[in-house]
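One structure is given here, and the rest of the page talks about it.
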Amino acid sequence: MELSVMMGILLDGLQLTIAIFFVTLAGALPLGVFVALARMSRFKPLSLLAQLYISILRGTPLMLQLMAIMFGPYYLFGLNMGSDWKFGACAIGFILNYAAYFAEIYRSGIQSIPRGQYEAASVLGYTKSQTFMKIVLPQVIKRILPAMGNEVITLVKDTSLAFVLGIMEMFNAAKALAAREVSMIPYAIAALIYWIFCLAIEFIMNKIEKKMDYYHD
């Protein structure tokens, strides 16, 4: 098989990889905020429920979670979800998993802000929402950026786990090509593309961190 044809197949797979990546971020970033707030809630049942969610999603393999969501409806309720369910199950699995990790990052960032800053803001007449948006949030964003960057880069590589659901993302495409051609070249090309993808994410995160340099702790 010509290299150009091989590249075309891998780039088609890359489109699905990118789709999984952005769908996960679009769902997990806001969901993580709600989970973090629930985790810090003074309402004990809600806090315990959030802790249980985080514990299960972080304590079990993502691959197992994907398979449970994919096949759970059939084995538990006898529902045949159809072939279109593959991407839906994949998206739900990734979003739920990464929301748990993002929630802990958010929580650590919020709890790292000294209590005195809340009290000082109250003395100055700030409401709770103004205090959070104008004083706490800018500091939290700066503090969690390195950890968030690490998770986002991990997500790039974790998209390869979608192969267990039969989704023809880039890793699965490389696997099929390698088996057909009896060659390691597809894997090497896929590794290079993953690396370039991660470098792009790292470049963007570094740019964001530099923009936040105006603010000093």
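Not measured: the values here are computed from a predicted model. By convention here, the first residue in the shown sequence is residue 1. Every heavy atom of this structure was used, including side-chain atoms; hydrogens, water molecules and symmetry mates were not.
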(message) Under a 3.5 Å distance rule, please check whether Arg143 uses its side chain to pair with a backbone N or O of Ser112 as donor and acceptor.
(response) yes
(request) Answer whether the closest heavy-atom distance between the side chains of Met170 and Ser160 falls below 4.5 Å. (result) no
(message) Within the supplied structure, the quantity of interest is the number of heavy atoms (other residues, nucleotides, ligands) at a distance under 6.0 Å from Tyr187 OH; does it exceed 12?
(response) yes
(request) Quick one: pull up CD1 in Ile189 and CE in Met184 and give me the separation to the nearest 0.5 Å. (result) 11.5 Å
(request) Verify the cluster assignment for Leu48 and Val35: are they in a single hydrophobic cluster under the rule of side-chain heavy atoms below 4.5 Å apart? (result) no
(message) Is there a path of hydrophobic side-chain contacts, each under 4.5 Å between heavy atoms of I/L/V/M/F/W/Y residues, joining Leu137 to Phe34?
(response) no
(request) Supply the atom-to-atom distance Met63 CE to Asn97 CG, rounded to the nearest 0.5 angstrom. (result) 12.0 Å
(request) Could you tell me whether the side chains of Ser108 and Glu104 share a donor-acceptor contact shorter than 3.5 Å? (result) no
(message) Let me confirm one number: the CD1-OG distance from Ile9 to Ser4, rounded to the nearest 0.5 Å.
(response) 10.0 Å
(request) Return the minimal non-hydrogen interatomic distance between Leu25 and Val152, and the atom names on each side. (result) CD2-CG2, 4.2 Å
(request) Kindly indicate, with the supporting measurements, whether the criterion side-chain contact (heavy atoms from CB on, under 4.5 Å) is fulfilled by Thr159 and Phe197. (result) CA-CA 12 Å; Thr159 56; Phe197 197 168; over 6 Å; no
(request) Find out whether Phe163 and Met168 are in side-chain contact, i.e. whether some heavy atom of one side chain is under 4.5 Å from a heavy atom of the other. (result) no
(request) Taking Thr154 for its side chain and Asn150 for its backbone only, find out whether a donor-acceptor pair lies under 3.5 Å. (result) yes
(message) Does any part of the side chain of Leu66, heavy atoms only, come nearer than 4.5 Å to the side chain of Phe94, both counted from C-beta?
(response) yes
(message) If you define the side chain from C-beta out and look only at heavy atoms, does anything of Leu96 sit under 4.5 Å from Tyr53?
(response) yes
(request) State the CD-CZ distance between Gln51 and Arg39, to the nearest 0.5 angstrom. (result) 4.0 Å
(message) When you measure from the side chain of Gln130 to the backbone of Thr127, do you find a donor-acceptor pair of N or O atoms at a distance under 3.5 Å?
(response) yes
(request) Please answer whether the main-chain N or O of Asn172 pairs with a side-chain N or O of Glu169 as donor and acceptor at a distance below 3.5 Å. (result) yes
(message) Looking at every heavy atom in both Thr131 and Ala121, which two are closest together, and how far apart are they?
(response) OG1-CB, 3.4 Å
(message) Are Gln65 and Ile56 packed together at the side-chain level, in the sense that at least one heavy-atom pair is separated by less than 4.5 angstrom?
(response) no
(message) Looking at Tyr98 and Thr24, would you say the former's side chain and the latter's main chain have a donor-acceptor pair under 3.5 Å?
(response) no
(message) Please tell me whether Tyr75 and Trp85 are part of a single hydrophobic cluster in this structure, the criterion being side-chain heavy atoms less than 4.5 Å apart.
(response) yes
(message) Using side-chain contact (heavy atoms from CB on, under 4.5 Å), reason through Met133 and Tyr126 one step at a time and then give a plain yes or no.
(response) CA-CA 10 Å; Met133 295 301 297; Tyr126 282 83; over 6 Å; no
(message) So, taking the atom named CG in Leu10 and the one named CD1 in Ile185, what distance separates them when rounded to the nearest 0.5 Å?
(response) 11.0 Å
(request) Using a 4.5 Å cut-off on heavy atoms from C-beta on, say whether the side chain of Arg58 contacts that of Tyr101. (result) yes
(message) Please determine whether residues Leu199 and Ile153 belong to a single hydrophobic cluster, defined as Ile, Leu, Val, Met, Phe, Trp and Tyr linked transitively by side-chain heavy-atom distances below 4.5 Å.
(response) no
(message) For a quick test of reading the model, state the closest non-hydrogen atom pair linking Ile20 to Ala162 and the distance between them.
(response) CD1-CB, 3.7 Å
(message) Please find the pair of heavy atoms, one from Met6 and one from Leu177, that lie closest to each other, and give the distance.
(response) CG-CD1, 3.6 Å
(request) Work out which heavy atom in Val156 is nearest to a heavy atom in Tyr194; give both atom names and the distance. (result) O-CE2, 3.7 Å
(request) Answer yes or no: is there a side-chain heavy-atom contact under 4.5 Å between Pro146 and Glu209? (result) yes
(request) Calculate, to the nearest 0.5 Å, the distance between atoms NZ and CG belonging to Lys211 and Asn206 respectively. (result) 13.0 Å
(message) If I compare all heavy atoms of Ala190 with all of Ala174, which pair ends up nearest, and what's the gap?
(response) CB-CB, 3.8 Å
(message) Is the shortest side-chain heavy-atom distance between Tyr118 and Ile135 below 4.5 Å?
(response) no
(request) Assess whether atom CE of Met67 is packed by more than 12 heavy atoms of other residues, nucleotides or ligands within 6.0 Å. (result) no
(message) If hydrophobic clusters are built from ILVMFWY residues whose side chains come within less than 4.5 Å, do Ile204 and Phe102 share one?
(response) yes
